[in-house]
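Structure record follows, encoded as structure tokens.
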Amino acid sequence: MSISIDNSAFERGTDPVFQFLTLEQAMRIVAHRGDSDLQNRIEELAAKANEGLLSENEESEYHGYARANKFLAVLQAKARKIIAQSKK
């Protein structure tokens, strides 16, 4: 069973929190990239996942990175919105 998320409800619930960010903080969030060791580990796990060779622990780790990536994508999108609004 897939659950649909109302984006307007999500925005309404999260936008007030992002008002606490300064322009500098928003810019740092947008610029953030994982370090090379982290990126290498994710690529290693992705390759093993594509081959169906992940252990249970590796699969759990890989899903954790996927969740973190989704979270960071939302943060960066919100930060870009703050930056765009500051230029108006």
Side-chain angles (χ1 to χ4, degrees):
M1 179 177 165
S2 179
I3 297 175
S4 177
I5 296 175
D6 182 338
N7 284 333
S8 63
F10 181 82
E11 297 286 326
R12 185 174 179 206
T14 59
D15 278 352
V17 174
F18 287 95
Q19 293 178 22
F20 301 127
L21 289 180
T22 65
L23 181 57
E24 180 182 343
Q25 290 167 328
M27 292 169 66
R28 289 179 67 192
I29 289 170
V30 168
H32 176 74
R33 301 290 178 264
D35 63 50
S36 61
D37 288 339
L38 174 62
Q39 290 177 3
N40 289 338
R41 179 63 176 157
I42 293 169
E43 288 172 13
E44 176 186 342
L45 292 171
K48 288 179 83 171
N50 288 338
E51 297 171 13
L53 300 175
L54 287 177
S55 70
E56 189 175 316
N57 286 343
E58 288 172 327
E59 186 172 356
S60 178
E61 180 183 1
Y62 189 51
H63 286 290
Y65 290 134
R67 288 183 69 198
N69 189 48
K70 288 178 185 179
F71 175 74
L72 287 172
V74 170
L75 279 178
Q76 289 176 329
K78 296 282 193 175
R80 284 185 192 93
K81 185 176 175 182
I82 291 168
I83 293 167
Q85 288 174 343
S86 75
K87 294 179 181 180
K88 290 181 180 180

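Values below: every heavy atom of this structure, side chains too, minus hydrogens, waters and symmetry copies. Keep in mind the model is a prediction, meaning the values are calculated, not measured.
Both L38 and L45 belong to a single network of hydrophobic side chains, linked directly or stepwise wherever heavy atoms of I, L, V, M, F, W or Y lie under 4.5 Å apart. Hydrophobic cluster membership is shared by F18 and F71, with clusters built from Ile, Leu, Val, Met, Phe, Trp and Tyr side chains linked at under 4.5 angstrom. Linking ILVMFWY side-chain heavy atoms closer than 4.5 Å, directly or via other members, places V30 and L23 in a single hydrophobic cluster.
Q76 contributes a side-chain N or O that, together with a main-chain N or O of H32, makes up a donor-acceptor pair within less than 3.5 Å.
Using a 4.5 Å heavy-atom cutoff, the side chains of L72 and L75 are in contact. At least one side-chain heavy atom of R41 sits less than 4.5 Å from a side-chain heavy atom of Y65.
To the nearest 0.5 Å, the span separating CD on E58 from CD on E61 amounts to 7.0 Å. Once rounded to the nearest 0.5 Å, the distance linking NE2 of H63 with CG of L54 reads 8.0 Å. Summarising the geometry, atom OG1 belonging to T14 is positioned 10.5 Å from atom CD belonging to Q19; distances are rounded to the nearest 0.5 Å.
I83 approaches M27 most closely through the heavy-atom pair CD1-CG, 3.6 Å. Shown here for F20 and Q25, the closest heavy-atom pair between the two residues is O-OE1, 3.8 Å. Shortest non-hydrogen contact noted between A26 and A79 is O-CB, 3.4 Å.
Listed by first and then second residue, the salt bridge (Lys or Arg N to Asp or Glu O under 4.0 Å) pairs involving residues 10-24 are E11-K78, E11-K81, D15-K78, D15-K81 (not counting sequence neighbours).
Within 6.0 Å of CZ on R80 lie more than 12 heavy atoms contributed by other residues, nucleotides or ligands.
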